[in-house]
Amino acid sequence: MIARVLDGVSHRGVALLAMLLAVLLAVPLVANDYLLTVLIIVLYSAYTGQAWNVMMGFAGQLSLGHAIYVGLGAYAAAALYVHFGIAPWLGLAAAIAVAVACGAIIGFLAFRFGVGGVYFAILTIAFAEFARIGFDHFQWVGASSGFFLPVANYTRNDLWNLRGNPTMFYYVMLVLTAAAFALCHALLKSRIGYYWQAIREDEIAARSLGIDTFRYKMYAAMLSAGMTAVAGVFFAFYYNNLFPEQVFHISRSIELILGPIIGGIGTLFGPLIGAFLLTGLSEAMQELLSALGFDVPGAKQVFYGLCLAVVVIALPGGVWPWLAGKLRVTRRDA
Amino acid sequence: MAAEIYLNVAVSGLLTGLVYGLMAAGLSVIFGVVRVVNFAHGEMMTVAMYLAIVLFNTLGLDPLVMAVPLAGVLFALGYVLQAGLINPFITRPEYSQFMLLIAIAIIIVNVLLIVFGPDARNVQTSYAFDSFLIGPLIIDATKVYAGAATLVITAALFVFFQFAPLGKAIRACADNYTGALVVGLNVKHLYALTFGIGAACVGAAGSMLVLLVDVTPSLGPALTLLAFIIVITGGLGSMAGAVLGGLLIGFTEAMAGLFFTPSAKSMFSFGLLVLVLLFRPQGILGKRLS
């Protein structure tokens, strides 16, 4: 059974959360560009992990193709900006619409035709791969040679067009992550959140209690897709280049789900903790390996895979339920 | 004239499809018995492919001959993997099993990258450019040898599961776990054996495939996906389905490469997969889902 952690968060937990937020808000005052860039990656993976968690952690539908929503969001907003000069905040609406529609199509096909479990996971991979190869041949957005946003040396931050320095992107990502956290917290406490958890634990029982499981699974798929597309828009404007081979690749989908699984699936803090652990580990590995002069491509990933295996074997519920017990932030046993 | 091109491409696709079928049969056997989806299947196949290349380049051993010894090596690897690492995960949720196997896949891909580098590798056999002329058809000799050898191995596997006492015992575990325990079967050992047999399939298939395509470390994930597509199309858990799925995918990809661009060929496989999942989720030869 997946622990629902925030259920019993004590004052101690709230205090820790407030402290974390305060530290994150103050970081750009002291941090250099490198640290800021790393923190942007941390927040980005925390956000996407949270979005994926809505579908898997809350509603129990395992998606292994979430890169499709990142990619669709990124390409939609970037294409509107490059071809028509439409600002990303307006493009965001289009990006969300496209991703939600895609999530709805995949969800409808799977849930209506009773495709579940392993089959559903592989269906999501198939759609993501389909999109990857499709975009590889989509000339309007550069096909396989990539799609680029204009880059210049900005003297000031243009928040409306999302052009500026890392500090601006950092705060944008922080706001997004905090908003996703708050949204998920509210959802878990709402009627829809309880319906999702009922479906996750036992779908037949949920249906026999009168829950329209098809409808609520659709809501989870669409919400998760829409949230993920927002990250895609950020990705496009932060990195300024998009390649189908990178954006839609299955390894992106897997990276995206590592954080919440390592952190603790179905928990609010899981994606956050997982993102900090994985990105921190990855950067530390990079430093360590180059310090040792063992800078071979692949070495970092081997270590990454080993750590992943160790965590999966030793902490089946993820790090957060274990850590929460240590920090004594939960009233009940997690 | 045009019809002959199509026929040539179709036969070539079907022969490659046989090798795909053996690879997918391995995945199917593992899922059918152990109920674990081997997310490191293609990666294990690339291990066999690199071993075949090393054996060919250093000792001059022909991959066709090495298919059986390599199947043995991969069998041992699969047995140890299941008995040592995967067995405790049998009762854990699906995503937990995925993560373990994905971790193993990541490790395999990157160890290969460190050892062999990112460049594409292949073998140059003496018969690489031979071909058979059958009426209007011109068929690569390599593909014929690989296809025939694969067919023999697949048939042996089929006979083993159908008639050998051990094969029957393994099927008993798949049919009724508790029942198998009651009649005194050592299920843990049989599961490991099954995983070993599944791995042996990719050992043999990898040894064949090295004759047909270039190998890079990143080929692993692509082969895993291909194996998924094939077994789901044919029917997860069905050996004959895996072979049929392999032929179908081999044929589809060859035709798509001819009619459209080769780089878009996998799109058609994914399209086929989506259609099968929607209209016959148990696969063409699969048993009805409960």
Side-chain angles (χ1 to χ4, degrees), chain A residues 1-2 56-57 60 62 64 106 108-110 112-123 125-134 136-137 143-144 249-251 254-255 257-258 260-262 265 294 296-313 316-318, chain B residues 31 35-37 39-40 85 88-89 92-118 217-218 221-222 224-225 228-229 231-232 236 260-261 263-274 276-283 289:
Chain A
M1 147 114 189
I2 299 163
M56 173 61 203
L62 178 57
L64 292 181
I106 298 177
F108 179 84
L109 292 175
R112 195 44 105 198
F113 289 86
V115 177
V118 180
Y119 294 88
F120 179 70
I122 291 171
L123 185 73
I125 298 179
F127 269 96
E129 285 291 295
F130 197 82
R132 175 176 68 84
I133 302 164
D136 253 345
H137 297 85
S144 55
H249 199 267
I250 180 161
S251 57
I254 289 177
E255 275 171 23
I257 72 176
L258 286 180
I261 290 182
I262 296 284
I265 231 169
F294 191 68
V296 192
K300 188 177 117 185
Q301 282 81 358
V302 170
F303 187 76
Y304 204 69
L306 285 173
C307 292
L308 183 60
V310 168
V311 173
V312 176
I313 291 166
Chain B
F31 181 81
R35 310 304 292 177
V36 166
V37 179
F39 264 81
L85 271 182
F89 278 72
R92 295 226 196 140
E94 274 165 0
Y95 68 85
S96 195
Q97 301 170 356
F98 287 152
M99 292 321 292
L100 179 69
L101 283 153
I102 284 170
I104 293 170
I106 293 173
I107 294 169
I108 294 178
V109 169
N110 290 290
V111 167
L112 290 175
L113 185 66
I114 293 172
V115 178
F116 295 101
S218 61
T224 302
L225 277 176
F228 285 160
I229 296 176
V231 289
I232 290 178
L236 203 45
F260 302 93
T261 85
S263 60
K265 63 181 184 181
S266 336
M267 228 172 136
F268 291 85
S269 317
F270 289 113
L272 189 67
L273 170 73
V274 170
V276 167
L277 274 177
L278 297 181
F279 296 108
R280 201 174 157 81
Q282 73 272 34
L289 292 175

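Every heavy atom of this structure was used, including side-chain atoms; hydrogens, water molecules and symmetry mates were not. Letters A, B, ... mirror the listed sequences (proteins, then strands); counts begin at 1.
Both the backbone and the side chain of B/I107 come within contact range of chain A, with heavy atoms under 4.5 Å apart. Interface residue B/V111: backbone and side-chain heavy atoms are both found under 4.5 Å from chain A. Proximity to chain A (any heavy atom under 4.5 Å) is shown, for B/I229, by neither the backbone nor the side chain. For B/L100, the parts lying under 4.5 angstrom from a heavy atom of chain A are both the backbone and the side chain. The contact between A/L109 and chain B is made by backbone and side chain atoms together, counting heavy-atom distances below 4.5 Å. Using a 4.5 Å cut-off between heavy atoms, A/F120 makes no contact with chain B at all. Within the 4.5 angstrom heavy-atom criterion, atoms from both the backbone and the side chain of A/L306 approach chain B. Only the side chain of B/F39 comes within contact range of chain A, judged by heavy atoms closer than 4.5 Å.
The minimum heavy-atom distance linking B/A103 with A/G305 is given by the pair CB-O, 3.5 Å. Nearest heavy atoms, B/Y95 versus A/M56: CD2-CE, 3.3 Å. The nearest pair of heavy atoms linking B/I114 to A/G298 is CD1-C, 3.9 Å.
Contact of the A/I313 side chain with the B/L85 side chain is registered, since non-hydrogen atoms from C-beta on lie closer than 4.5 Å. In this structure, B/R92 and A/P316 have side chains that are in contact, with non-hydrogen atoms separated by less than 4.5 Å. Side-chain contact between A/I133 and B/F270: present, with at least one pair of heavy atoms (C-beta onward) separated by less than 4.5 Å. Here the side chains of B/F98 and A/I261 are not in contact, with every heavy-atom distance at 4.5 Å or above.
The line from CD of A/E129 to CE of B/M267 is 11.5 Å long, rounded to the nearest 0.5 Å. Distance CZ/B/F228 to OH/A/Y119: 12.0 Å, rounded to 0.5 Å.
Put simply, the residue from A/I125, A/L123, A/I122 that forms a side chain to side chain contact (heavy atoms under 4.5 Å, CB included) with B/L273 is A/I122. Remark: of the listed residues A/I265, A/V311, A/I262, A/L258, A/L258 is the sole one forming a side chain to side chain contact (heavy atoms under 4.5 Å, CB included) with B/M99.
With a 6.0 Å radius and a threshold of 12 heavy atoms from other residues, nucleotides or ligands, A/F303 has its CZ atom at or below the threshold.
Put simply, of A/A126, A/G134, A/S251, A/C307, the one with the most heavy-atom pairs under 4.5 Å next to chain B is A/A126.
Here B/F89 pairs with nothing under the ring pair (Phe, Tyr, Trp, His ring centres under 6.0 Å) rule; sequence neighbours left out. For A/Q301, there are no side chain to side chain donor-acceptor pair (under 3.5 Å) partners, not counting sequence neighbours.
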